[in-house]
Amino acid sequence: QVQLVESGGRLVEPGGSLRLSCAASGRTFSNYGMAWFRQAPGKEREFVAGITWSGAITYYADAVKDRFTIARVNAKNIVYLQLNELKPEDTAIYYCTMQRRTYTNARYDKEADYDAWGQGTQVTVSL
């Protein structure tokens with residue numbers, strides 16, 4: 001049984017930075033691509049950033065490109081999301097998720113491509 005546990009969310013001022021972490025267990029972490037999604041109040045969950053199983057390829061939603069960075073440490077079973085230049089519209093619950101396929105370098109930005117989800121961590125950007 002896969003477990004994904006996010007941490008690091010908090011209240012931060014506009015322009016600030018934050019690093020989210022996601023610890024994985026229950027599956028061979030290094031075999032699977034990972035991603036972060038987010039859900040703002042009253043909106044559907046949306047793709048934020050993804051990383052392939054080796055970490056060689058990263059990809060981002062246009063709204064966060066050049067501000068957010070996804071990274072992983074396979075030896076520690078952890079994936080990170082660095083959030084810089086935060087804006088009020090980044091306020092959301094951020095979810096860590098693991099792909100259902102192994103060893104693929106394709107870019108997946110749909111929820112259906114992922115089969116394990118964390119409980120989420122709240123990020124609030126406000127004065």
Side-chain angles (χ1 to χ4, degrees):
Q1 183 179 354
V2 179
Q3 273 200 318
L4 301 174
V5 180
E6 302 97 333
S7 60
R10 61 177 174 85
L11 173 66
V12 62
E13 292 186 353
S17 296
L18 205 57
R19 189 177 78 163
L20 307 181
S21 301
C22 171
S25 61
R27 193 184 279 180
T28 306
F29 179 75
S30 58
N31 293 355
Y32 294 86
M34 300 291 294
W36 289 89
F37 282 67
R38 69 185 181 185
Q39 187 167 22
K43 295 188 176 181
E44 293 189 352
R45 191 154 56 183
E46 63 177 2
F47 170 80
V48 174
I51 187 167
T52 54
W53 58 278
S54 66
I57 299 172
T58 59
Y59 46 103
Y60 301 90
D62 288 343
V64 307
K65 200 173 295 183
D66 300 326
R67 298 191 298 122
F68 291 8
T69 303
I70 188 171
R72 65 189 297 160
V73 180
N74 283 347
K76 295 186 177 181
N77 290 359
I78 295 179
V79 61
Y80 299 103
L81 185 68
Q82 178 69 37
L83 294 69
N84 296 330
E85 300 177 31
L86 281 161
K87 304 175 182 180
E89 51 263 43
D90 295 319
T91 295
I93 300 174
Y94 284 71
Y95 297 91
C96 170
T97 183
M98 181 179 281
Q99 286 178 9
R100 58 179 72 249
R101 302 171 187 84
T102 57
Y103 297 119
T104 174
N105 288 328
R107 304 181 183 208
Y108 297 106
D109 62 0
K110 302 295 188 293
E111 288 191 47
D113 296 316
Y114 298 86
D115 67 350
W117 295 82
Q119 83 289 347
T121 186
Q122 176 71 49
V123 173
T124 303
V125 185
S126 179
L127 292 172

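Not counting sequence neighbours, S30 has no partner by the side-chain hydrogen bond (donor to acceptor under 3.5 Å, both in side chains) test.
In the hydrophobic clustering of ILVMFWY residues, with side-chain heavy atoms under 4.5 Å counting as a link, I57 and Y108 come out together.
With contacts defined as side-chain heavy-atom distances shorter than 4.5 Å, the pair L11/S126 qualifies.
With hydrogens and angles disregarded, no donor-acceptor distance shorter than 3.5 Å links the side chain of D113 to the backbone of R107. Formation of a donor-acceptor pair under 3.5 Å by the E6 side chain with backbone atoms of C96 is found in this model. Between the side chain of R100 and the main chain of A112, a donor-acceptor pair closer than 3.5 Å is present. A donor-acceptor contact shorter than 3.5 Å is absent between the side chain of R101 and the backbone of G33.
For CD of E89, the number of neighbouring non-hydrogen atoms (other residues, nucleotides, ligands) closer than 6.0 Å is greater than 12. More than 12 heavy atoms of other residues, nucleotides or ligands lie within 6.0 Å of CG in N105, so this atom counts as buried by the packing criterion. Counting non-hydrogen atoms of neighbouring residues, nucleotides and ligands closer than 6.0 angstrom, the CD atom of Q3 reaches no more than 12 such neighbours.
Rounded to the nearest 0.5 angstrom, Q1 CD and R27 CZ are separated by 10.5 Å. Rounding to the nearest 0.5 Å places OH of Y95 at 12.0 Å from CZ of F37. For the atom pair R38 CZ and T91 OG1, the distance stands at 9.0 Å (nearest 0.5 Å). Taken from CG in N31 to OG1 in T104, the straight-line distance is 12.5 Å, to the nearest 0.5 Å. Distance check, rounded to the nearest 0.5 Å: CD of E46 to CD of E44 gives 10.0 Å.
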query: Does the side chain to side chain contact (heavy atoms under 4.5 Å, CB included) test come out yes or no for W117 and E111, once each step is laid out?
result: CA-CA 10 Å; W117 295 82; E111 288 191 47; 3.9 Å; yes
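In the hydrophobic clustering, where aliphatic and aromatic side chains (Ile, Leu, Val, Met, Phe, Trp, Tyr) are joined below 4.5 Å either directly or transitively, Y80 groups with V73, I78. Hydrophobic cluster membership of L86, counting Ile, Leu, Val, Met, Phe, Trp and Tyr whose side-chain heavy atoms lie under 4.5 Å apart directly or via other members: V2, L4, V12, L18, L20, F29, Y32, M34, W36, V48, I51, Y60, V64, F68, I70, V79, L81, L83, Y94, M98, V123, V125.
Look at K65 and D62 and you find a salt bridge, because one of the NZ, NE, NH1 or NH2 atoms lies within 4.0 Å of a carboxylate O, short of that distance.
Residues Q82 and S17 approach most closely at NE2-CB, 4.0 Å, considering heavy atoms.
Between F47 and Y114, the distance from one ring center to the other does not fall under 6.0 angstrom.
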